[in-house]
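The next block holds one structure in the form of structure tokens; read it before the comments.
Everything numeric in this text was worked out from a predicted model, so none of it was measured. Just so it is clear, the values below take in all heavy atoms, side chains as well, and ignore hydrogens, waters and symmetry mates. Chain naming here is simple, since letters A, B, ... match the order of the sequence lines and numbering starts at 1 in each.
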2 protein chains.
Amino acid sequence: MSETLRVREMACFALHSAARAVTGYYRPLLDRLGLTYPQFLILVALWEADGRTVTALGEELDLDSGTVSPLLKRLEAAGLVERRREAADERVVTVHLTEDGKALEKDGCEIPGTIAAASDMTVEEILALRDQINRFTESIRKNTN
Amino acid sequence: MSETLRVREMACFALHSAARAVTGYYRPLLDRLGLTYPQFLILVALWEADGRTVTALGEELDLDSGTVSPLLKRLEAAGLVERRREAADERVVTVHLTEDGKALEKDGCEIPGTIAAASDMTVEEILALRDQINRFTESIRKNTN
DNA sequence: CACGATTAAGTTGTGCACAACCTATATGTG
DNA sequence: CACATATAGGTTGTGCACAACTTAATCGTG
């Protein structure tokens with residue numbers, strides 16, 4: 001570290017900037033599917049396991065209900081998911097893919113794999129970087145008040 | 001890669017999640033200074049070189065005028081910076097720290113250094129991770145339409 | 001069974017990111 | 001010099017992130 005703080009030398013800025021670069025890379029690809037990046041993540045979670053509760057989706061994506069609820073509202077308005085309040089526990093809402101929502105999987109699941117090529121890194125390097133970032137994140141969350 | 005796409009296996013999600021974890025870590029520290037994380041980044045850039053133009057700040061932080069302008073407006077309202085339209089070229093606005101803005105450097109510049117400790121990593125490991133992320137970002141930006 | 005505590009989801013308000021657009025000033029070419 | 005073009009900064013509108021709060025349903029303990 002230097003005595004003067006420089007934006008470009010800050011690890012936190014590198015992360016911040018990288019995350020925005022990735023959503024920028026995804027944007028034109030997802031535009032074709034009519035999706036934003038967070039909406040895409042919700043669909044990925046549902047393609048893996050349909051019928052999750054709102055809370056479960058929030059846990060999977062590290063998001064609270066204040067973010068997930070409006071996201072789901074927009075996905076429902078787009079006809080990609082359906083929300084059902086459960087009879088067994090009326091507090092719970094489960095989220096289900098519509099046929100249109102299911103149909104997007106074929107094109108959608110191709111997109112993340114293109115990141116490796118676009119980053120001029122091998123798949124192995126990307127996965128190693130991912131694991132390192134995940135270890136970092138876990139520690140940071142543990143040490144956040 | 002697996003046949004089923006999983007949120008937790010996606011490198012892009014790892015980045016997305018890490019960036020939010022970092023701003024979450026910063027939040028309580030910056031709250032004491034009355035700053036948000038993007039506002040803090042603007043101040044860091046100005047502590048390094050005061051009197052930058054709006055465009056120069058945007059380039060430093062990879063942000064366009066639609067993001068920087070309102071950010072500066074809030075910082076000005078908080079009394080931390082001042083905007084001056086230049087006589088030499090009236091299109092240009094330079095941004096200058098007020099005394100209050102300068103006074104925040106002492107406390108502010110301590111914060112980023114605490115990330116290493118909070119991440120249970122050495123400074124060297126953090127810097128290596130930062131460099132790897134920056135290489136990744138550069139490639140991604142180069143290969144974004 | 002009653003009632004306070006907890007839980008699930010949603011709402012409201014603020015700030016950031018970004019596309020699209022606008023205005024004013026400056027520049028360059030004929 | 002005139003006029004098309006480029007540039008700097010700002011505005012508007014949409015969506016996400018998140019804190020704080022609300023509402024409704026459920027749970028747990030006496």
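- Scored by the salt bridge (Lys or Arg N to Asp or Glu O under 4.0 Å) test, Lys102(B) finds Glu99(B) as partners (sequence neighbours excluded).
- Rounded to a whole Å, the CG atom of Asp64(B) is 11 Å from the C1' atom of dA20(C).
- Look at Arg6(A) and Glu48(B) and you find a salt bridge, because one of the NZ, NE, NH1 or NH2 atoms lies within 4.0 Å of a carboxylate O, short of that distance.
- Every residue meeting the salt bridge (Lys or Arg N to Asp or Glu O under 4.0 Å) condition with Arg83(B), not counting sequence neighbours, appears here in chain and number order: Glu76(B).
- Look at Asp120(A) and Arg135(B) and you find no salt bridge, because none of the NZ, NE, NH1 or NH2 atoms lies under 4.0 Å from a carboxylate O.
- Of the residues in residues 18-25 of chain A, none lies under 4.0 Å from DNA chain D by heavy-atom distance.
- For the pair Arg27(A) CZ and dA17(C) P, the computed distance is 12 Å after rounding to whole Å.
- Contact check on Arg84(B) versus Glu86(B) returns no salt bridge, with no Lys/Arg side-chain nitrogen under 4.0 Å from an Asp/Glu carboxylate oxygen.
- When rounded to the nearest whole Å, the span between CG of Leu41(B) and P of dG15(C) equals 17 Å.
- Thr67(A) comes within contact range of at least one nucleobase, with a heavy-atom separation under 4.0 Å.
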Next on the checklist: Run Ile111(A) and Tyr26(A) through side-chain contact (heavy atoms from CB on, under 4.5 Å) and show every step you take.
Outcome noted: CA-CA 8 Å; Ile111(A) 296 177; Tyr26(A) 272 88; 3.3 Å; yes
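- At a threshold of 4.5 Å between non-hydrogen side-chain atoms, the residues Val54(B) and Val95(B) count as touching.
- For the pair Asp107(A) and Arg32(A), the salt-bridge criterion is not met [side-chain N within less than 4.0 Å of a carboxylate O].
- With rounding to whole Å, Leu71(B) atom CG is found 15 Å from dG9(D) atom P.
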Restricting both atoms to N or O, compile the protein contacts to nucleotides 12-14 of chain D shorter than 3.5 Å, with distance only.
none

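- When the P atom of dG15(D) is taken as reference, atom CG of Leu72(A) falls 14 Å away, rounded to whole Å.
- For Lys73(A) and dG15(D), the shortest distance from a side-chain N or O to OP1 or OP2 is not below 4.0 Å.
- Here the closest heavy-atom approach between residue Leu129(B) and residue Met121(B) is recorded as CD2-CE, 4.1 Å.
- Within the nucleic acid shown, Thr36(B) comes within 4.0 Å of sugar-phosphate atoms alone, with no base atom in reach, counting heavy atoms only.
- Taking side-chain N and O atoms only, Ser65(B) has no distance below 4.0 Å to OP1 or OP2 of dG9(D).
- At whole-Å resolution of the value, CG in Leu63(B) and P in dG9(D) are 14 Å apart.
- DNA chain D is contacted by Thr53(B), Val54(B), Thr55(B) of residues 53-61 of chain B, taking any non-hydrogen atom closer than 4.0 Å.
- Note on Arg52(A) versus Glu60(A): salt bridge recorded, some NZ/NE/NH1/NH2 to OD/OE distance being below 4.0 Å.
- Look at CZ on Arg141(A): it is 12 Å from P on dA17(D), rounded to the nearest Å.
- Residues of residues 77-93 of chain A having a heavy atom closer than 4.0 Å to DNA chain D, listed by number: Ala88(A), Asp89(A), Glu90(A), Arg91(A).
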Next on the checklist: Is there a side-chain contact (heavy atoms from CB on, under 4.5 Å) between Ser17(B) and Glu138(A)? Walk through the geometry before answering.
Outcome noted: CA-CA 10 Å; Ser17(B) 180; Glu138(A) 208 176 328; over 6 Å; no
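- The main-chain N or O of Leu104(B) is never found under 3.5 Å from a side-chain atom of Trp47(B) such that the two would form a donor-acceptor pair.
- Of all non-hydrogen atoms in Arg130(A) and Ala14(B), the two that sit nearest each other are CG-CB, 3.8 Å.
- Judged by distance alone, the side chain of Ser119(A) and the main-chain N or O of Ile115(A) form a donor-acceptor pair under 3.5 Å.
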